[in-house]
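Just below is one structure, and these are the notes that go with it.
Positions are given from 1, in the same order as the sequence printed here.
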Amino acid sequence: MTKSEQVIEEIKKVIIGKDEVATKIFMTILAEGHVLLEDIPGVGKTTIALAFSKVMGLDFNRIQFTPDVVASDVSGFTMYDKDKDEFVFKEGAVMTNLLLADEINRTTSRTQAALLEVMEERNVTVDGVTYPLPKPFNVIATQNPIGSYGTQVLPQSQLDRFMIKTSIGYPDFESQVEILRDRQTEQPLDLVEKVISKTELLELQAEVRKVHVSDPILRYITELTEATRKHPLIIQGVSPRGALALSKIAKAHAYLAKREYVIAEDVIAVYSDVCNHRMVLDQKSKVTYNSSNELLEEILKEIKVPEIEKVAIK
């Protein structure tokens with residue numbers, strides 16, 4: 001069993017019946033991206049973030065976003081130290097390896113922007129001094145469903161910083177029974193063991209970067225993203241950053257499948273998760289489609305899939 005497989009097996013001890021979600025989050029971490037989970041409270045968002053930090057030996061911070069959280073809580077601040085007779089930097093929540101940004105759409109736009117800027121730049125600038133973030137650095141952010149009390153919609157430019165948007169959702173009946181049974185006498189998080197170290201995770205990320213993406217696949221990714229920009233019912237399509245994110249996480253998908261090159265199935269498997277939050281749909285789309293995912297499924301059917309023989313050539 002590979003190290004990657006061991007990580008997923010350990011996470012399964014905690015998140016029952018949600019193997020696909022756990023794998024998607026792990027793929028995003030391997031691709032050096034950030035995850036946005038849109039879910040109701042109580043489905044295991046905090047638990048899954050804690051599980052990943054424990055399994056991979058990562059430093060973990062959680063910040064609960066409320067309207068009174070300010071940007072300096074996220075990025076840090078300087079204050080005068082009387083004993084040293086100088087200003088010293090006090091680290092914010094982002095100075096960690098894995099940050100759980102809980103209910104990000106319940107705080108102010110300025111605080112949201114502070115986090116999302118750090119996610120992109122991977123360093124913090126306070127009072128003109130730049131501080132690099134620890135490596136690795138990944139964010140798992142959660143937001144309440146749009147329309148919930150006290151929430152505000154994240155701007156598209158900020159949503160675009162997240163590699164994927166997905167949800168955990170309710171467990172099925174049998175999984176719920178198993179969850180209740182497991183928690184009668186023990187806490188599953190206590191059973192989770194460290195599988196890899198920070199250094200080993202960095203090595204895995206480096207291996208993912210080396211996965212080959214051939215020109216036919218690059219063209220396929222471009223066609224899929226361009227289709228969202230030209231669609232009559234899409235006001236704003238997938239950005240170039242979104243296309244790059246699709247390429248990166250497709251490489252992680254191929255890596256977990258033990259391949260050194262990407263095929264069309266890798267792209268298809270993550271297409272909706274990468275693209276659904278990057279589009280702005282026309283109001284007329286609601287007449288034809290129940291969701292953005294349904295529209296994306298139609299685009300997948302319309303775009304010709306590259307031949308595997310061509311894809312495998314390096």
Any carboxylate oxygen within less than 4.0 angstrom of a Lys/Arg side-chain nitrogen, looking at [X] and [Y]?
| X | Y | value |
| --- | --- | --- |
| K45 | D39 | no |
| E223 | R219 | no |
| E207 | K3 | no |

Do the non-hydrogen side-chain atoms of [X] and [Y] ever get within less than 4.5 Å of each other?
| X | Y | answer |
| --- | --- | --- |
| L204 | S4 | yes |
| Q64 | E103 | yes |
| F162 | I104 | yes |
| N138 | L99 | no |
| F89 | V126 | yes |
| L159 | K165 | no |
| D266 | R259 | yes |
| L201 | L30 | yes |

Next item on the list: Decide salt bridge (Lys or Arg N to Asp or Glu O under 4.0 Å) for E297 and K301; before the verdict, give the C-alpha distance in whole Å, the side-chain angles of both, and the deciding distance to 0.1 Å.
Entry: CA-CA 6 Å; E297 287 296 324; K301 293 176 183 177; over 6 Å; no
Margin query: Apply side chain to side chain contact (heavy atoms under 4.5 Å, CB included) to residues L133 and M95 and explain how you reach the verdict.
Written below: CA-CA 6 Å; L133 296 185; M95 285 297 180; 3.9 Å; yes
Would you find more than 12 non-hydrogen atoms of other residues, nucleotides or ligands less than 6.0 Å from [X] atom [atom1]?
| X | atom1 | answer |
| --- | --- | --- |
| R122 | CZ | yes |
| Y80 | OH | yes |
| Q283 | CD | no |
| E117 | CD | no |

Rounded to the nearest 0.5 Å, what separation is found between the [atom1] atom of [X] and the [atom2] atom of [Y]?
| X | Y | atom1 | atom2 | result |
| --- | --- | --- | --- | --- |
| I164 | K24 | CD1 | NZ | 7.0 Å |
| L224 | L296 | CG | CG | 9.5 Å |
| R106 | Q112 | CZ | CD | 12.0 Å |
| I140 | D102 | CD1 | CG | 10.5 Å |
| R209 | Y255 | CZ | OH | 11.5 Å |
| R229 | T222 | CZ | OG1 | 7.5 Å |

Next item on the list: Could you give me the CA-CA distance, side-chain angles and deciding distance for K198 and L58, then say whether side chain to side chain contact (heavy atoms under 4.5 Å, CB included) is met?
Entry: CA-CA 6 Å; K198 298 176 192 178; L58 303 178; 3.9 Å; yes
Shared ILVMFWY cluster between [X] and [Y], side chains joined below 4.5 angstrom?
| X | Y | result |
| --- | --- | --- |
| Y170 | L37 | yes |
| V118 | F77 | no |
| L189 | I48 | yes |

Checklist line | Audit row: I8, D19, side chain to side chain contact (heavy atoms under 4.5 Å, CB included) steps and yes/no | finding: CA-CA 8 Å; I8 296 299; D19 298 357; 5.8 Å; no
Next item on the list: Report the C-alpha distance between K258 and E5 in whole Å, list the side-chain angles of each, state the deciding distance to 0.1 Å, and finish with yes or no for salt bridge (Lys or Arg N to Asp or Glu O under 4.0 Å).
Entry: CA-CA 11 Å; K258 301 179 181 179; E5 290 170 336; 3.2 Å; yes
Using a 3.5 Å distance criterion without hydrogens, assess whether the side chain of [X] forms a donor-acceptor pair with backbone atoms of [Y].
| X | Y | value |
| --- | --- | --- |
| N61 | A93 | yes |
| T111 | V69 | yes |
| E200 | S197 | yes |
| E120 | L116 | no |
| K194 | G57 | no |
| T225 | V238 | no |

Margin query: To check you understand the geometry: which heavy-atom pair defines the closest contact between P67 and T108, and what is its length?
Written below: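 Residues P67 and T108, closest heavy atoms: O-CG2, 3.6 Å.
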Item checked: Closest non-hydrogen atom pair, S167 against V21 ->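 Reported closest heavy-atom pair: O-CG2, 3.4 Å.
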Next item on the list: Could you please spell out the steps behind the side chain to side chain contact (heavy atoms under 4.5 Å, CB included) verdict for L100 and F52?
Entry: CA-CA 11 Å; L100 176 62; F52 271 109; over 6 Å; no
Next item on the list: Step by step, work out the salt bridge (Lys or Arg N to Asp or Glu O under 4.0 Å) result for E9 and K12.
Entry: CA-CA 5 Å; E9 286 302 312; K12 287 180 183 178; 3.1 Å; yes
Notebook entry, point to check: So H34 and F137, would you call those rings parallel, tilted or perpendicular, with 30° and 60° as cut-offs?
Noted result: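 Rings of H34 and F137: perpendicular, over 60°.
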Notebook entry, point to check: Between K13 and E10, is a salt bridge (Lys or Arg N to Asp or Glu O under 4.0 Å) present by the stated rule, with each step listed?
Noted result: CA-CA 5 Å; K13 294 179 181 178; E10 285 298 310; 3.0 Å; yes
